Amino acid sequence: MLEYASPIAFALFIWWFSTGAVIYLDGLPSRTFRWSMLGATVVAAASLYGIVASGSDTSVTGAYIAFTCGLLLWGWNEMSFLMGFITGSRRTDCPTDCSEWRRFLYASQTLIHHELAILVTGALIISLSWGAENQVAAWTYVALWTMRISAKLNIFFGVPNLTEEFLPENLQFLKSYFKNKPMNLLFPFSVTIATAVTVQLFALAAHAQTSSFEAAAYLLVGALMALAVLEHWFMVLPIQDAALWRWALASRAKKKEAKSGNATSPAVERVVLEPHSNLSMPSESRRFASRV
């Protein structure tokens with residue numbers, strides 16, 4: 001049982017910690033962003049090397065290394081977006097009187113450069129691991145990319161839970177491009193297909209040899225898919241996940257306190273750090289920008 005639990009626990013931890021690290025660094029003063037991105041770029045370069053080095057490694061350790069490298073490269077793209085280095089050509093609110101098609105066009109313009117960066121990174125990962133026995137990095141990146149697109153489209157079409165506490169100050173204009181609705185027609189298909197893929201990955205892991213590369217690979221990516229499905233459900237259920245990263249959101253509270261020049265009262269701190277269960281204003285979420 002431990003052989004199956006270890007990859008799942010590892011995937012849960014690195015997803016939780018890396019997401020929190022990006023949120024925390026993004027909440028620091030903007031003067032620190034260039035240093036954060038420099039450090040992230042060094043990590044990304046090391047991750048690219050790790051993908052090449054682990055390409056022929058079909059041990060359990062090789063699966064862990066490739067999975068981590070794919071996740072870290074995804075995190076580099078998310079950090080570059082949240083900190084405003086790679087976003088899009090449009091950085092203004094959506095006009096209130098535009099059609100749905102034009103709203104989609106404008107929303108696409110807000111992150112087109114970011115999407116191109118994700119595409120280039122994905123192509124690089126696939127090319128570096130092309131023909132290699134270890135494809136876990138590519139699987140990880142594609143899983144994150146696919147589920148992010150799904151989450152982004154669902155937020156655009158409308159879901160009830162849009163956690164704006166994850167949206168940084170420099171991207172507040174993104175709130176105007178999304179809807180707050182009880183449900184949209186895409187959501188059931190997104191969750192059903194993603195759940196089916198997740199179940200299939202766990203089934204493949206169950207039929208693989210215990211403590212093998214295949215079992216670890218399927219469990220790592222399967223756990224990541226399960227987390228993505230859970231995040232989709234957070235969009236429509238009266239459950240908030242912000243408490244998972246309260247420690248990371250603390251940096252934003254400190255930044256607001258520094259800007260105001262006043263000590264943050266317990267009531268204000270609670271508003272900043274705790275989930276908002278009664279928000280009705282359309283907003284962007286970590287699912288759109290992040291999840292590392």
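Only a predicted model underlies this, so the values are computations on that prediction, with no experimental measurement involved.
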Enquirer: Using the rule that two of Ile, Leu, Val, Met, Phe, Trp, Tyr join whenever any of their side-chain heavy atoms come within less than 4.5 Å, decide whether L167 and L82 are in one cluster.
Expert: yes

Enquirer: Which label fits F17 and F13: parallel for a plane angle under 30°, tilted from 30 to 60°, or perpendicular past 60°?
Expert: parallel

Enquirer: Under a 3.5 Å distance rule, please check whether Y141 uses its side chain to pair with a backbone N or O of I118 as donor and acceptor.
Expert: yes

Enquirer: Is the closest side-chain heavy-atom distance between V159 and F178 below 4.5 Å?
Expert: no

Enquirer: Decide side chain to side chain contact (heavy atoms under 4.5 Å, CB included) for L174 and L171; before the verdict, give the C-alpha distance in whole Å, the side-chain angles of both, and the deciding distance to 0.1 Å.
Expert: CA-CA 6 Å; L174 291 174; L171 298 178; 3.8 Å; yes

Enquirer: Pick one: which of F234, W233, F157 meets ring-ring contact (aromatic ring centres under 6.0 Å, His included) with F187?
Expert: W233

Enquirer: Between M147 and V229, which heavy-atom pair has the shortest distance, and what is it?
Expert: CE-N, 4.3 Å

Enquirer: Within the distance-only criterion (no hydrogens, no angle test), does the side chain of S176 pair as donor or acceptor with the backbone N or O of D93 below 3.5 angstrom?
Expert: no

Enquirer: Using every non-hydrogen atom in the two residues, find where V236 and N161 come nearest and quote the distance to one decimal.
Expert: C-ND2, 3.9 Å

Enquirer: What distance do I8 atom CD1 and L227 atom CG have between them, rounded to the nearest 0.5 Å?
Expert: 10.0 Å

Enquirer: Ignoring hydrogens, what is the shortest heavy-atom contact between T41 and W76? Give both atom names and the distance.
Expert: OG1-NE1, 3.0 Å

Enquirer: Can you give me the closest heavy-atom contact between L71 and L144, atom names plus distance?
Expert: CD1-CD1, 3.5 Å

Enquirer: Can you measure from OH (Y218) to CG (L204) and round to the nearest 0.5 angstrom?
Expert: 5.0 Å

Enquirer: Is the closest side-chain heavy-atom distance between E115 and K152 below 4.5 Å?
Expert: yes

Enquirer: Are more than 12 heavy atoms, taken from residues, nucleotides or ligands other than F173, located less than 6.0 Å from that residue's CZ atom?
Expert: yes

Enquirer: For a quick test of reading the model, state the closest non-hydrogen atom pair linking A63 to A217 and the distance between them.
Expert: CB-N, 4.2 Å

Enquirer: I'd like to check the salt bridge (Lys or Arg N to Asp or Glu O under 4.0 Å) partners of R103; sequence neighbours left out, ordered by chain and number.
Expert: E100

Enquirer: Do M79 and F85 have side-chain heavy atoms sitting under 4.5 Å apart?
Expert: no

Enquirer: Any chance you could measure T195, atom OG1, to L230, atom CG, to the nearest 0.5 Å?
Expert: 10.5 Å

Enquirer: Tell me, with the steps shown, if Q109 and L105 meet side chain to side chain contact (heavy atoms under 4.5 Å, CB included).
Expert: CA-CA 6 Å; Q109 291 174 352; L105 178 62; 4.0 Å; yes

Enquirer: Is any side-chain heavy atom of L249 less than 4.5 Å from a side-chain heavy atom of Y24?
Expert: no

Enquirer: Do Y177 and R90 have side chains that approach each other closer than 4.5 Å (heavy atoms only, starting at C-beta)?
Expert: yes

Enquirer: With a 3.5 Å cut-off and no angle check, do the side chains of S56 and N134 form a donor-acceptor pair?
Expert: no

Enquirer: Examine F104 and I149 and state if one hydrophobic cluster contains both, with Ile, Leu, Val, Met, Phe, Trp and Tyr joined whenever side-chain heavy atoms are less than 4.5 Å apart.
Expert: yes

Enquirer: For a 4.5 angstrom cut-off between non-hydrogen side-chain atoms, does T32 reach L25?
Expert: no

Enquirer: Look up atom CG in L224 and atom CH2 in W139, then write down how far apart they are to the nearest 0.5 Å.
Expert: 13.5 Å

Enquirer: Under a single-linkage definition using a 4.5 Å side-chain heavy-atom cutoff for Ile, Leu, Val, Met, Phe, Trp and Tyr, are W145 and V120 assigned to the same hydrophobic cluster?
Expert: no

Enquirer: Taking side chain as C-beta onward, heavy atoms only, is M225 less than 4.5 Å from V197?
Expert: yes

Enquirer: Main chain of D57, side chain of E133: is a donor-acceptor contact present, judged purely on distance under 3.5 Å?
Expert: no

Enquirer: Counting only heavy atoms not in W35, do more than 12 fall under 6.0 Å of its CH2?
Expert: no

Enquirer: Just by modelled atom types, is the N77 backbone N or O under 3.5 Å from a matching donor or acceptor in the S80 side chain?
Expert: yes

Enquirer: For residues F81 and L28: do they belong to one hydrophobic cluster (side chain heavy atoms under 4.5 Å, members Ile, Leu, Val, Met, Phe, Trp, Tyr)?
Expert: yes

Enquirer: Ring centroids only, cut at 6.0 angstrom: are W245 and W15 within range, meaning strictly under it?
Expert: yes

Enquirer: For the hydrophobic clusters of this structure (ILVMFWY residues joined by side-chain heavy atoms under 4.5 Å, transitively), does one cluster hold both L153 and I155?
Expert: yes

Enquirer: Yes or no on side chain to side chain contact (heavy atoms under 4.5 Å, CB included) for S190 and L186, after CA distance, side-chain angles and deciding distance?
Expert: CA-CA 6 Å; S190 301; L186 176 64; 3.4 Å; yes

Enquirer: Looking only at atom types and distance, does a side-chain atom of T192 sit under 3.5 Å from a main-chain N or O of F189, one as donor and one as acceptor?
Expert: no

Enquirer: Using a distance-only test with no angle check, is there a side-chain donor-acceptor pair under 3.5 angstrom linking H232 and S150?
Expert: yes

Enquirer: Quick one: name the residues clustered hydrophobically with W130, using the 4.5 Å side-chain heavy-atom rule over I, L, V, M, F, W, Y, and just say none if it's on its own.
Expert: I126

Enquirer: Within the side chain of E214, is there an N or O that forms a donor-acceptor pair under 3.5 Å with the backbone of Q209?
Expert: no

Enquirer: Give the C-alpha distance, both sets of side-chain angles, the deciding distance and a yes or no for side chain to side chain contact (heavy atoms under 4.5 Å, CB included) between V136 and F213.
Expert: CA-CA 10 Å; V136 177; F213 166 79; 3.8 Å; yes

Enquirer: Atom CG in L219, atom CZ in F67: separation rounded to 0.5 Å?
Expert: 11.0 Å

Enquirer: Treating S59 as the side-chain partner and G62 as the backbone partner, does any N or O pair qualify as donor plus acceptor under 3.5 Å?
Expert: yes

Enquirer: Any donor-acceptor pair under 3.5 Å linking the side chain of S251 with the backbone of A248?
Expert: yes

Enquirer: Heavy-atom distance under 4.5 Å between the side chains of H113 and S89, does that happen here?
Expert: yes

Enquirer: Between NE2 of H114 and CD1 of I86, what distance do you get to the nearest 0.5 Å?
Expert: 8.5 Å

Enquirer: Which atom names give the shortest non-hydrogen contact between P7 and L220, and what distance separates them?
Expert: O-CD2, 3.3 Å

